[in-house]
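Report on one structure; see the data block that follows.
Below, each value reflects all heavy atoms present in this structure, side chains not excepted, and no hydrogens, waters or symmetry copies. Every value quoted in this text rests on a predicted model; they were computed, and no experiment measured them.
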Amino acid sequence: MRRLCLAAAAACLLLLAACAGPESWEREILAMDTVMKLTIYGENAPQAGEAAVDRIQELEGLLSVTGEDSEIYAANHTGSAQLSPDAAALLDRALTLCRETGGALDVTIYPVVRAWGFTTGAYRVPDDGELTALLERVDYRQAALEGDRLTLPEGVELDLGAVAKGYTGDQLMALLAREGIASAIVELGGNVQALGAKPDGSPWRVALQAPEGGYAGVLEIVDKAVVTSGGYQRYFEQDGEIYWHIIDPAQGRPARSGLQSVTIVADEGTLCDGLSTALFVMGREEALDFWRTRNDFECVLISEDNTVAITEGLEESFSLYGDWEGRALEIIRR
């Protein structure tokens with residue numbers, strides 16, 4: 001059995017050509033099971049940066065599924081919890097996304113994910129009987145949130161990992177803006193979120209990792225979040241077969257949708273985070289049908305045959321990169 005977990009240096013999103021200057025502040029920290037990098041510009045950058053680090057650590061303490069002092073851990077082990085404003089707001093948003101995606105995103109998938117070993121490191125392939133029993137506990141509609149009071153039926157457990165880093169990015173953007181920052185970028189594992197443009201007014205350039213290494217494309221963004229979910233980000237191999245961490249809630253198994261990665265671009269990091277997982281589970285055609293019903297995000301889809309499709313809103317901001325430059329790029333229109 002072999003496991004590969006790509007760290008920040010080889011993450012699916014990489015900031016290209018970040019600018020440096022005398023009024024810049026940078027910090028790398030380990031939080032939410034990933035390496036995070038914050039780059040902030042302006043006279044108030046050091047003070048704002050320290051406040052941002054504190055905010056990350058605060059949110060990790062509230063939202064962790066494994067931290068014994070977290071509100072989510074308490075709810076999973078007692079069946080109920082009084083949630084903080086952050087946890088209640090994020091869970092409410094997550095449950096909305098679960099409904100909107102028809103359960104392709106399901107925050108009650110935790111018992112299944114744990115059975116595969118993706119939260120414990122004890123990787124294994126559960127048998128059909130075990131998965132059938134576990135799937136009886138998976139249904140986001142069983143999580144009852146009334147105001148700030150969460151109630152879970154016995155055996156139902158939450159995992160907000162599919163949206164927590166996106167929410168954290170949103171909170172950091174709001175905090176930095178309050179601190180008077182006009183230019184900043186944060187890299188939260190596979191999530192990138194930008195406040196404004198670069199200090200010189202040009203867009204940030206974010207590279208999307210190719211499934212087999214290197215980079216497939218570059219996005220130019222201003223005031224946007226970019227989140228990628230890919231089967232190559234975290235997986236283990238057993239008996240010659242690869243099992244990745246993106247689980248189809250309907251099957252209890254790694255999603256085999258014909259996609260290798262999904263990148264979502266939007267104003268809101270929480271939306272990007274949740275939809276990157278949901279659209280990966282849906283597969284290309286259902287994902288594009290879903291996109292056509294909305295106007296709040298754009299996406300990049302890399303299929304198993306390495307074809308790249310982008311939705312029309314990215315036509316002026318996305319380009320193929322490096323060895324991928326000669327490939328066909330499909331632009332999906334409404």
What closest approach, in Å, do [X] and [Y] show between heavy atoms, and which atom pair accounts for it?
X: A216; Y: I302; value: CB-CD1, 4.1 Å
X: V35; Y: L30; value: N-CD1, 4.0 Å
X: Q233; Y: T228; value: NE2-O, 3.2 Å
X: S257; Y: V281; value: CB-O, 3.7 Å
X: A255; Y: F280; value: O-CE2, 3.7 Å
X: A115; Y: P126; value: O-CG, 3.9 Å

Are R253 and W116 in a cation-pi setup, meaning NZ or CZ lies under 6.0 angstrom from the ring centre and within 45 degrees of the ring axis?
no
First locate atom [atom1] of [X], then atom [atom2] of [Y], and finally report the distance between them rounded to the nearest 0.5 Å.
X: S202; Y: E220; atom1: OG; atom2: CD; value: 8.5 Å
X: L83; Y: D92; atom1: CG; atom2: CG; value: 10.5 Å
X: R205; Y: Y321; atom1: CZ; atom2: OH; value: 7.5 Å
X: E146; Y: T151; atom1: CD; atom2: OG1; value: 6.5 Å
X: Y215; Y: L208; atom1: OH; atom2: CG; value: 10.5 Å
X: L134; Y: R114; atom1: CG; atom2: CZ; value: 8.0 Å

How about [X]: does its [atom1] atom have over 12 heavy atoms from other parts shown lying under 6.0 Å from it?
X: D296; atom1: CG; answer: yes
X: E43; atom1: CD; answer: no
X: D54; atom1: CG; answer: yes

Is there a path of hydrophobic side-chain contacts, each under 4.5 Å between heavy atoms, that joins [X] and [Y]?
X: V206; Y: V222; result: no
X: V125; Y: F118; result: yes
X: Y73; Y: V156; result: no
X: Y123; Y: V112; result: yes

[X] vs [Y] side-chain heavy atoms within contact, under 4.5 Å:
X: R27; Y: K37; result: no
X: D86; Y: Q171; result: yes
X: I310; Y: E330; result: no
X: W291; Y: E298; result: yes
X: K224; Y: Q193; result: no
X: N191; Y: V226; result: no
X: F290; Y: L279; result: yes
X: I56; Y: T168; result: yes

[X] side chain to [Y] main-chain N or O, any donor-acceptor pair under 3.5 Å?
X: E60; Y: M32; result: yes
X: S303; Y: D305; result: no
X: D170; Y: T270; result: yes
X: N44; Y: G180; result: no

Could you walk me through whether R234 and D33 satisfy the salt bridge (charged side-chain N to carboxylate O under 4.0 Å, His left out) test, starting with their C-alpha distance in whole Å, then the side-chain angles of each, then the deciding distance to 0.1 Å, before giving a yes or no?
CA-CA 12 Å; R234 182 179 300 176; D33 198 31; 3.2 Å; yes
Determine, step by step, whether T263 and V227 satisfy the side-chain contact (heavy atoms from CB on, under 4.5 Å) criterion, reporting the C-alpha distance in whole Å, the side-chain angles of both residues, the deciding distance to 0.1 Å, and the verdict.
CA-CA 5 Å; T263 299; V227 178; over 6 Å; no
Apply side-chain contact (heavy atoms from CB on, under 4.5 Å) to S80 and R149, showing your working.
CA-CA 7 Å; S80 66; R149 168 60 64 178; 3.7 Å; yes
With a 4.0 Å cut-off on N to O distance, would you call [X] and [Y] a salt bridge?
X: R284; Y: D289; value: no
X: D200; Y: K198; value: no
X: R333; Y: E315; value: yes

One pair to check against salt bridge (charged side-chain N to carboxylate O under 4.0 Å, His left out): R137 and E154. What are the steps and the verdict?
CA-CA 8 Å; R137 310 179 190 177; E154 184 176 357; over 6 Å; no
Start with the C-alpha gap between L160 and K165, add the side-chain angles, then the distance that decides, and say whether side-chain contact (heavy atoms from CB on, under 4.5 Å) holds.
CA-CA 9 Å; L160 297 181; K165 291 195 294 294; over 6 Å; no
Would you tell me whether N306 and E212 have side-chain atoms, one donor and one acceptor, within less than 3.5 Å of each other?
no
Between S276 and S229, do the side chains contain an N or O donor and an N or O acceptor separated by less than 3.5 Å?
yes
Looking at residues at least two apart in the chain, or sitting in another chain, which of them share a side chain to side chain contact (heavy atoms under 4.5 Å, CB included) with D139?
R141, Q142
Residue pair R99, D106: steps toward the salt bridge (charged side-chain N to carboxylate O under 4.0 Å, His left out) verdict
CA-CA 9 Å; R99 289 191 294 272; D106 194 316; over 6 Å; no
Chi angles and distances behind the side-chain contact (heavy atoms from CB on, under 4.5 Å) call for V308, W324:
CA-CA 10 Å; V308 183; W324 287 63; 3.6 Å; yes
